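Residue numbers begin at 1 in each chain, while the letters A, B, ... track the order of the sequences. In this text, all values refer to a predicted model and were calculated from it rather than measured experimentally.
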Amino acid sequence: MTQERLIEIETDILAKNDRYADANRAVISGLGAFAINLVSSPGSGKTTLLCKTIEMLGDQPLAVIEGDQQTANDAERIRATGAKAVQVNTGKGCHLDGHMVGHAMEHLSLEKNAMLFIENVGNLVCPAGFDLGEDCKVAVISVTEGEDKPLKYPDMFTVSEIALLNKVDLAPYCDVDLDLYEANLRRVNPGIEILRISARTGEGMQAWVAWLRDRLAAKPGAGV
Amino acid sequence: MHEMSLCEGVRSVIEEAAVKNGFTGVKTVRLEIGKFAGVEKPALEFAFDVVMRGSVAEGAALVMIDLPGRAMCYDCLKEVSIENRLDCCPDCGGGKLMPVGGDEMRIKDLEVL
Ligand SMILES: Nc1nc2c(ncn2[C@@H]2O[C@H](COP(=O)(O)OP(=O)(O)OP(=O)(O)O)[C@@H](O)[C@H]2O)c(=O)[nH]1
Ligand SMILES: [Mg+2]
Ligand SMILES: [Zn+2]
Ligand SMILES: [Zn+2]
Ligand SMILES: [Zn+2]
């Protein structure tokens, strides 16, 4: 004879991921490091942006985790700048998760007060839901994608602290209204910071690098 | 989409609960899913059946309970209920709403044997 009973669970479905993410966050905080999770659609310019950012950051200690379904291309592009990079291939998976990032971090020997850049899989949907242990998400969106993307894929922009509106050098060649782009970003996240940049020409990149340095300096334990 | 990974999350929570509470079969799994969680229900149902195979929850019924969408209005500073992610504030008509609820994906309870 079997007896039925009700068991209260009240647990987040992603609780396991959150535990991995919390462990990563503890390692990052312990080092006084600052980690960002770069999210975007494929091809918005994340790797180009990172290469340029690394160059501008000079001797700032840093490391990069590259997430793609396949290939080691992006990690190779990052290593060509002289920076440390680990490639994570997600195979069938469409996003990085806390477990994958934890293992990638084991290979990086992150330094004290370093910046850790995590380039997520190009996908405007599910990376929004998976905490990796980062300090914040940064959305990269390019002018060629169209002003309506924030409205079509709101979640990614709601969870991001800052949006980098990339490829502004191409704005004159596209029928793009950058003010409308920004208004749509604020429509789905009224608190989001927005920087117009071009990873190609360097326009706006000083402001981005200054933002990164400020955020690293604001982390407890940094500067020790 | 990531419905498969969500179901793997559900499975691991159930397996931990089975060890802790000593049950060997699950009749019903009740999830609470926020309106803005972006969960594709038919895809989740499909993935659920596949992922639970070989676990204590194989063959269990899946029940999804909807949770409302809630947002903070940056114009009138009130927390309001909204139907759609891009709705304006039902109180003041403002368009600057920050979701504060509705992205929940929780396992509420299990009917076990
Ligand atoms: N004109 C212009 N092109 C850019 C800019 N940034 C990136 N690109 C180009 O956009 C294309 C995609 O850039 P990537 O850096 O590979 O983009 P990604 O986001 O890393 O792509 P995935 O990792 O595949 O999702 C490349 O041809 C870049 O040269 C920019 O600011 N201006
Ligand atoms: Mg890339
Ligand atoms: Zn995914
Ligand atoms: Zn492991
Ligand atoms: Zn209002």
Side-chain angles (χ1 to χ4, degrees), chain A residues 1-21 69 90-100 120-121 123-131 148-161 180 182-192, chain B residues 1-18 20-34 36-40 44 48 71-75 84-89 94-100 102-113:
Chain A
M1 202 192 84
T2 51
Q3 193 142 30
E4 279 172 34
R5 58 195 164 111
L6 192 73
I7 295 185
E8 296 285 334
I9 302 285
E10 298 293 352
T11 301
D12 204 280
I13 291 179
L14 297 178
K16 195 169 170 189
N17 180 70
D18 292 345
R19 284 205 294 274
Y20 283 115
Q69 279 200 312
T90 57
K92 284 197 172 57
C94 39
H95 57 264
L96 288 175
D97 64 34
H99 189 202
M100 295 172 192
N120 217 314
V121 178
N123 173 351
L124 276 183
V125 187
C126 48
F130 289 81
D131 185 10
D148 60 350
K149 290 307 165 292
L151 304 181
K152 287 181 173 167
Y153 303 97
D155 299 345
M156 196 60 93
F157 302 100
T158 301
V159 298
S160 294
E161 242 176 72
L180 176 61
E182 291 200 5
N184 287 342
L185 283 165
R186 296 213 161 86
R187 176 92 195 277
V188 298
N189 181 349
I192 200 165
Chain B
M1 266 301 289
H2 57 273
E3 274 74 13
M4 280 294 200
S5 359
L6 294 184
C7 289
E8 277 153 20
V10 173
R11 178 174 168 151
S12 65
V13 171
I14 293 175
E15 283 173 342
E16 279 172 29
K20 197 170 139 219
N21 297 284
F23 57 82
T24 52
V26 181
K27 206 175 146 222
T28 314
V29 177
R30 293 207 297 170
L31 307 182
E32 287 177 323
I33 308 284
F36 307 149
V39 171
E40 192 71 52
L44 192 72
F48 182 82
M72 183 68 169
C73 174
Y74 273 44
D75 289 320
N84 299 298
R85 181 63 186 77
L86 298 177
D87 282 356
C88 290
C89 174
K96 286 187 278 186
L97 296 185
M98 187 71 169
V100 292
D103 60 347
E104 299 85 355
M105 296 190 290
R106 258 200 312 264
I107 308 174
K108 184 171 167 46
D109 51 35
L110 307 172
E111 255 175 41
V112 304
L113 302 169

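Note that the CZ atom of A:R19 and the OG atom of B:S12 stand 7.0 Å from one another [nearest 0.5 Å]. Atom CD1 of A:I13 sits about 10.0 Å away from atom CD of B:E32, to the nearest 0.5 Å. For the atom pair B:K108 NZ and A:L6 CG, the distance stands at 8.5 Å (nearest 0.5 Å). How far CZ of B:R30 is from CD1 of A:I9: 12.0 Å, rounded to the nearest 0.5 Å. The structure places CZ of A:R5 at 9.5 Å from CG of B:L113, a figure rounded to the nearest 0.5 Å. To the nearest 0.5 angstrom, A:D97 atom CG is 9.5 Å from B:E8 atom CD.
Annotation: side chain of B:D103 is not in contact with side chain of A:D155 (no heavy-atom distance under 4.5 Å). The shortest side-chain heavy-atom distance between B:L86 and A:R187 falls under the 4.5 Å cut-off. Between A:T158 and B:M98, some side-chain heavy-atom pair lies under the 4.5 Å cut-off. Two residues are said to be in side-chain contact when any heavy atoms from C-beta on lie closer than 4.5 Å; B:M72 and A:P190 fail this criterion. Between B:K96 and A:R186, the closest side-chain pair of non-hydrogen atoms is not below 4.5 Å.
Shown here are the salt bridge (charged side-chain N to carboxylate O under 4.0 Å, His left out) partners of A:K16, two or more places apart in sequence or in another chain: there are none. With sequence neighbours left out, A:D148 forms a side-chain hydrogen bond (donor to acceptor under 3.5 Å, both in side chains) with A:K152.
Heavy atoms of A:D12 lying under 4.5 Å from chain B belong to its backbone as well as its side chain. The contact between B:V112 and chain A is made by backbone and side chain atoms together, counting heavy-atom distances below 4.5 Å. With a 4.5 Å cut-off on non-hydrogen atoms, B:I107 touches chain A through its backbone and its side chain both. Using a 4.5 Å cut-off between heavy atoms, B:F36 contacts chain A through its backbone alone, with no side-chain atom that close. Heavy atoms closer than 4.5 Å to chain A are found nowhere in B:E104, neither backbone nor side chain. With a threshold of 4.5 angstrom between heavy atoms, B:I14 does not approach chain A through any atom at all.
Within 6.0 Å of atom CZ in B:F23, more than 12 heavy atoms from other residues, nucleotides or ligands are found, so the atom counts as buried in its surroundings.
Smallest separation of non-hydrogen atoms from B:R85 and A:P154: CG-CG, 3.7 Å.
When A:L14, A:N17, A:V188 are compared by the number of non-hydrogen pairs under 4.5 Å with chain B, A:V188 comes out ahead.
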